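Working notes, structure below.
None of these values were measured; they are calculated from a predicted model.
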Amino acid sequence: MATVVWLTLQLAAVVTVVLLVVSTPIAWWLARSKAPWKEVVGALVTLPLVLPPTVLGFYLLVAFSPSSPLGQAIEGVFGQGLPFTFEGLVVASVLHSLPFAVQPIRNAFEAIGDRPLEVAATLRASPWAAFWTVAVPLARPGFLAGAILGFAHTMGEFGVVLMIGGNIPGETKVLSIAIYDYVETLEWDKAHVLAAGMLGFSFTVLLAMRLVERRLGWGGQTR
Amino acid sequence: MATVVWLTLQLAAVVTVVLLVVSTPIAWWLARSKAPWKEVVGALVTLPLVLPPTVLGFYLLVAFSPSSPLGQAIEGVFGQGLPFTFEGLVVASVLHSLPFAVQPIRNAFEAIGDRPLEVAATLRASPWAAFWTVAVPLARPGFLAGAILGFAHTMGEFGVVLMIGGNIPGETKVLSIAIYDYVETLEWDKAHVLAAGMLGFSFTVLLAMRLVERRLGWGGQTR
Amino acid sequence: EEALIAVAANFTAAARDIGAAFEAEGGHSVTFSFGSTGKLYAQIAHGAPFHAFLAADVARPEKAEAEGLAVSGSRFTYALGRLALYSPDPDRIGTDGAVALAADDVDRLAIANPVTAPYGAAALEVLAALDLTDALRARLVQGDTIMQTHQFVVTGNVPLGFVALAQIVGHTDGSRWLVPQDLYTPLRQDAVLLRAGADSVAARAFLDFLRGPVARDIITGYGYGLDDDGRG
Amino acid sequence: MRGETITAAFAGRLGTFALDARFEVPARGVAALFGASGCGKTTVLRCVAGLTRLPGGVLRVGRDVWQDGPRFRAPHRRPVGYVFQEASLFPHLSVTGNLRYGLRRARQGDDDAAPPVAFDEVVDLLGLARLLARPTAVLSGGERQRVAIGRALLSQPRLLLMDEPLAALDRPSKDDILPYLETLHDALAIPVLYVSHDIAEVERLADTLVLMEHGRVRAVGPLADLLADPALPLVRAPEAAEVLDAVVIDHDPAYGLATVAVAGGRLVVPAEAGTVGTHRRLRILASDVSLCRSPPAAGASSILNVLPARITGAQPTDGHLVTVVLALGADGAGAPLLARVTRKSWDLLGLAAGQPIHAMVKGVALVDRP
Amino acid sequence: MRGETITAAFAGRLGTFALDARFEVPARGVAALFGASGCGKTTVLRCVAGLTRLPGGVLRVGRDVWQDGPRFRAPHRRPVGYVFQEASLFPHLSVTGNLRYGLRRARQGDDDAAPPVAFDEVVDLLGLARLLARPTAVLSGGERQRVAIGRALLSQPRLLLMDEPLAALDRPSKDDILPYLETLHDALAIPVLYVSHDIAEVERLADTLVLMEHGRVRAVGPLADLLADPALPLVRAPEAAEVLDAVVIDHDPAYGLATVAVAGGRLVVPAEAGTVGTHRRLRILASDVSLCRSPPAAGASSILNVLPARITGAQPTDGHLVTVVLALGADGAGAPLLARVTRKSWDLLGLAAGQPIHAMVKGVALVDRP
Ligand SMILES: Nc1ncnc2c1ncn2[C@@H]1O[C@H](COP(=O)(O)OP(=O)(O)OP(=O)(O)O)[C@@H](O)[C@H]1O
Ligand SMILES: Nc1ncnc2c1ncn2[C@@H]1O[C@H](COP(=O)(O)OP(=O)(O)OP(=O)(O)O)[C@@H](O)[C@H]1O
Ligand code: MOO
Ligand SMILES: [Mg+2]
Ligand SMILES: [Mg+2]
């Protein structure tokens with residue numbers, strides 16, 4: 001069980017981080033671009049959520065399988081395929097949770113408006129510098145919301161994980177699947193204990209995220 | 001299949017609407033309250049996401065069963081229980097997708113700041129009026145994000161739906177389950193067709209939501 | 001050496017016991033990956049590293065064999081599923097389940113999804129044989145797996161349900177009716193050695209163990225039947 | 001609200017800032033809050049509007065108690081019109097939407113009566129007609145501020161709170177808007193609490209002055225008294241001035257000049273026709289008043305106004321200037337007046353307190369409208 | 001940039017607003033953009049900073065081309081310091097964070113040299129010391145604006161763009177900051193484009209005036225020329241004034257008075273010691289100048305300055321006033337000066353263009369710092 005817990009934590013942590021990293025440029029582009037077709041991209045980014053997780057997992061499996069061109073390319077580059085590996089779980093979870101991070105971060109970027117970035121430019125900050133020193137700090141509530149949703153969803157969702165990961169103990173078997181297994185095999189007591197533990201832990205993490213953000217925060221609104 | 005599609009649309013539509021309705025007061029309270037324990041509530045609201053959908057569905061099943069006090073109360077009031085009914089699907093889906101709506105709406109409410117509400121108060125708007133005429137319109141991007149995520153997630157997620165709904169054709173069998181069934185029974189061609197249709201439709205809805213919002217929108221930022 | 005075995009979800013508990021006994025014999029270890037038969041097959045078809053596949057039906061191992069995903073000739077029936085009608089209410093089911101099924105107050109009846117789960121298909125056959133299909137069709141509630149079906153019943157949301165005997169064999173509560181085998185096609189569950197496990201000594205050893213007496217005791221202990229004319 | 005007052009007492013801490021502001025001003029006319037940046041003016045307005053709530057605060061407006069101990073009237077129940085220091089327009093509404101926001105609610109009370117402040121009138125006065133359909137995001141700074149003023153006026157307030165409402169406006173706009181504000185408080189008897197850094201604006205508009213320093217009220221009283229109080233820093237300011245209440249007693253239509261009487265003297269000032277008998281406000285800058293021992297010969301100077309007065313005090317200003325406080329009239333029994341002369345002139349003319357003197361007034365102007 | 005110019009030509013539409021602003025001003029000293037609310041001042045500054053890009057625009061600053069046809073230098077590569085009309089502080093940074101934001105980047109270029117505009121100096125001058133640790137959300141309006149000014153200055157600009165930087169400030173703060181701005185453009189040769197609605201501020205600070213009307217440049221030229229141009233509306237403004245270049249030729253330490261020479265006459269004005277030989281700027285309000293045919297007897301009046309001059313023109317103002325344009329000197333060959341008299345005085349004294357006259361100047365002040 002220790003490995004399951006450890007694996008779950010690793011997965012949730014890695015996915016949350018990767019999610020924020022991947023979502024940020026997408027959200028930024030969606031927020032700032034003037035391209036008329038950007039909403040098309042915006043809708044596309046949301047689509048992974050529309051497919052049932054198992055079905056999405058299935059298609060990822062097909063896409064990444066050693067017999068597909070993509071799968072072969074990945075195996076060529078990284079020396080191993082994605083399905084049934086931890087890396088595969090991460091990729092699939094990130095893809096599946098992408099909309100949860102992109103939406104709030106995009107909204108936060110949009111809420112900033114042009115002015116702070118204009119000010120930064122007049123203070124000699126390059127667009128790159130302004131992005132890091134102004135846009136990202138000001139969009140922090142969006143990052144937090146993205147992280148919260150991404151973390152919680154990764155903890156709980158297992159349809160994709162089950163499909164692409166294959167539920168292999170020590171490698172791709174995560175807590176949510178373990179609880180599911182216990183429920184399915186009528187070992188409800190164990191399921192209750194695990195579920196309670198998972199809820200308690202997640203609660204602590206979610207609360208901590210918020211409180212840390214508050215601490216860092218710039219304390220309230222303009223008068 | 002027509003009934004499945006129709007049911008799915010109904011469910012997604014109803015859940016999205018109910019989700020916005022239920023999330024709004026919660027998000028408002030989380031955004032405005034000064035209570036030190038509000039973040040506890042914030043974290044609690046996110047917890048439904050942490051449990052695997054099937055497991056959440058299982059616990060809901062236990063909670064709503066005719067033998068539980070809650071289930072008896074519901075049956076007493078509404079004349080029927082929730083499990084295996086459309087209403088049950090709605091309740092479970094709303095509960096499960098709640099964090100997706102609460103987070104972005106809360107962020108949007110927080111981004112408004114105090115000033116517009118202060119202005120409204122000095123213009124004789126009661127807190128209730130100010131909420132509707134100022135806070136809600138200004139938080140529109142958050143509502144949109146919540147609606148997008150809630151809609152997409154309801155279209156796709158079926159763990160909870162399957163558990164609480166019982167997969168009854170014409171009553172609780174939705175599209176995601178149908179696709180899932182095809183994948184499981186190796187009828188992949190049919191799964192492909194359904195999945196493509198579902199993606200296409202959802203894409204259209206998501207794009208339309210964004211574009212309508214833009215139309216209604218107040219066009220850009222302050223200079 | 002370690003064997004990685006994909007196991008249909010309904011066989012989870014039994015597989016764990018068998019695995020423990022297998023490892024106790026020494027030499028090899030075994031790791032299980034549980035899932036629905038359909039999902040496991042999809043994974044196997046797309047490169048899953050499983051050495052062997054314990055399915056809940058015959059069709060998918062057969063298909064695996066036919067498509068070259070499995071070592072041909074390695075397939076055998078390791079268990080026969082037994083269908084039971086179950087109610088948590090000790091008085092609801094008497095000696096003849098058909099009576100309980102025909103009762104007026106059966107507002108809902110749980111079965112597994114007949115499309116994806118063999119137990120569900122079997123349940124429909126039973127209803128047809130008892131001539132209750134029309135009477136009960138509108139009241140059917142489908143669990144996606146036989147496990148969900150069981151949960152519908154034990155949580156009290158559905159008064160009666162067709163479950164696997166394996167699920168209730170250890171419990172004495174409620175009332176049950178062991179459905180006579182002549183009312184449905186036997187629920188053969190086949191195992192097969194997969195291509196990835198073709199060279200695995202451990203996987204071959206586990207499949208052999210599965211056919212052996214220790215495993216057979218465990219299997220029957222969980223309420224499964226054995227395929228007496230099987231090739232095991 | 002004639003004879004009634006606005007009584008305020010707000011004390012408390014905001015971060016490191018300590019506020020302890022207590023004042024009583026007539027609930028009629030304009031009371032100006034004047035003081036350095038950061039002295040607490042905005043904070044006081046916010047307390048009056050109920051946006052900041054300091055426990056223990058007291059606020060009475062006429063007969064109504066808005067705050068006192070546990071009693072606290074919610075902001076939206078206080079009939080104030082608040083022009084914030086930053087325009088704070090609603091970004092989701094057009095200019096019209098912003099203007100009508102308060103109007104709609106104000107009308108709900110008594111919907112048959114036409115509101116005293118009419119939409120078209122305000123739009124006209126503030127030059128908003130061609131902006132009405134615009135989103136607020138594209139407005140210029142001054143346009144934004146005018147919309148904010150209009151919005152506050154249209155909410156039909158019974159007390160106006162204005163935080164530097166004219167700061168971003170050009171001079172002609174100010175000159176259009178100021179008289180209108182005067183009408184409002186005269187005709188509609190809407191009292192105004194007015195924050196401004198522009199003493200000229202204050203001298204033109206205010207009846208009462210609330211002088212603030214570091215969160216406290218340094219002095220409060222009628223404008224004219226405080227302007228000429230040598231104990232206060234106002235007399236030393238570069239633009240020190242005095243305001244006088246004048247009665248128009250004659251008007252010369254040929255030159256557009258009126259003769260007005262103030263306590264202790266008469267002056268000739270540019271004025272509109274048809275105002276004989278009315279009370280007007282005169283503003284005379286200290287730097288516009290020079291002193292001479294004897295009046296110059298008639299017709300020798302373009303200065304029309306030479307008034308006998310008596311020196312009542314003097315304040316050295318800036319090292320080489322002296323601000324002289326005068327009392328008009330040969331007997332020194334009239335209204336106060338300020339004169340600014342160089343120390344050299346002071347010495348050359350041998351001036352001293354108590355002396356009779358002639359004040360030559362250049363550039364006197366009526367600052368209110370008829 | 002001595003002798004070099006800033007050449008700007010921006011034309012285009014923003015919504016319903018048509019901009020067509022072309023001007024050339026020296027790339028040294030202060031050029032004031034002056035005009036009514038909504039005439040396009042902010043838009044011009046934004047174009048100069050590169051924040052608004054109008055195709056076809058041209059902008060040359062000294063030898064550098066910032067915009068011309070396809071060439072467009074990105075905003076962050078333009079060494080401007082921009083004080084926005086609204087303070088626009090970064091809400092996520094403290095006051096210090098805001099101030100250091102530009103400083104850090106400016107230093108990156110040449111990190112060994114101390115920056116010409118030093119942190120402590122700016123903090124000190126703007127009175128920001130006790131605000132440094134505060135979040136910007138709790139600052140008062142004036143505090144916010146001072147931080148914004150400091151932030152722009154600390155970015156070590158080579159061109160300052162200031163959009164009503166002092167609008168929310170009290171008079172003492174203005175009096176502290178204005179001289180500093182003067183030092184900046186004098187000592188560091190940083191040219192400034194300065195938007196203000198306060199003509200007094202412009203008269204004090206500006207060398208060049210860009211007069212805007214409805215998106216166009218109505219006139220551009222040296223401040224003194226435009227102030228006394230009867231064709232422009234400035235002479236009719238209530239606070240019409242003229243600025244004069246004066247050389248200090250003597251100083252009387254006893255009274256703190258200096259004798260200064262302007263083209264066509266001498267005046268006595270309050271001044272600091274030790275400035276003999278320097279050029280200073282005098283500002284004389286039209287309303288501070290009265291006219292008389294013959295000078296009053298010495299010692300009879302507190303008015304120290306009586307200058308012979310000649311009437312070169314007159315503009316009726318407001319119906320009953322006349323703004324008289326004078327040329328100093330008995331021969332009328334000196335600097336221009338404005339006098340405001342009533343039409344009655346004009347007639348009584350029998351004034352007419354070409355006549356010799358004496359200008360009695362009350363309230364003249366040096367408006368720059370030594
Ligand atoms: N919540 C707060 N926390 C800390 N300091 C505050 C808070 N609110 C106001 N202050 C401080 O209180 C002082 C008074 O602020 P206020 O806005 O009332 O000044 P003001 O008189 O309106 O100044 P200005 O003319 O510059 O607008 C300022 O120094 C400000 O920084
Ligand atoms: N993007 C835009 N769309 C439409 N109108 C615009 C836009 N930007 C500016 N305007 C209009 O152009 C005019 C000039 O604006 P600008 O901000 O330059 O004025 P300003 O001279 O700075 O005025 P103020 O002194 O009031 O700040 C205003 O009427 C403004 O409403
Ligand atoms: O064991 Mo199954 O494949 O879930 O019915
Ligand atoms: Mg203020
Ligand atoms: Mg502007």
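For the side-chain contact (heavy atoms from CB on, under 4.5 Å) criterion with E:Y82, the lone passing option out of A:T122, A:V119, A:L123 is A:T122.
Chain E forms more heavy-atom pairs under 4.5 Å with one residue of A:A129, A:A120, A:A130 than with any other, namely A:A120. Here E:S88 is the residue among E:S88, E:S94, E:G50 with the most heavy-atom pairs under 4.5 Å with chain A.
Contacts of E:R151 with chain A are made by both backbone and side-chain atoms, with heavy-atom separations under 4.5 Å.
Under a 3.5 Å cut-off, the side chain of A:R124 and the backbone N or O of E:S155 do form a donor-acceptor pair. Judged by distance alone, the side chain of E:H92 and the main-chain N or O of A:T133 form a donor-acceptor pair under 3.5 Å.
Taking a 6.0 Å sphere around CZ of E:R53, one finds it holds more than 12 heavy atoms contributed by other residues, nucleotides or ligands.
In plain terms, the two heavy atoms of A:P127 and E:H76 that are nearest each other are CD-CE1, 3.3 Å. A:R115 and E:E86 get closest at one heavy-atom pair: NH1-OE1, 3.0 Å.
The side chain to side chain donor-acceptor pair (under 3.5 Å) contacts involving residues 147-161 of chain A comprise A:S97-A:H153, where partners must be two or more places apart or lie in separate chains.
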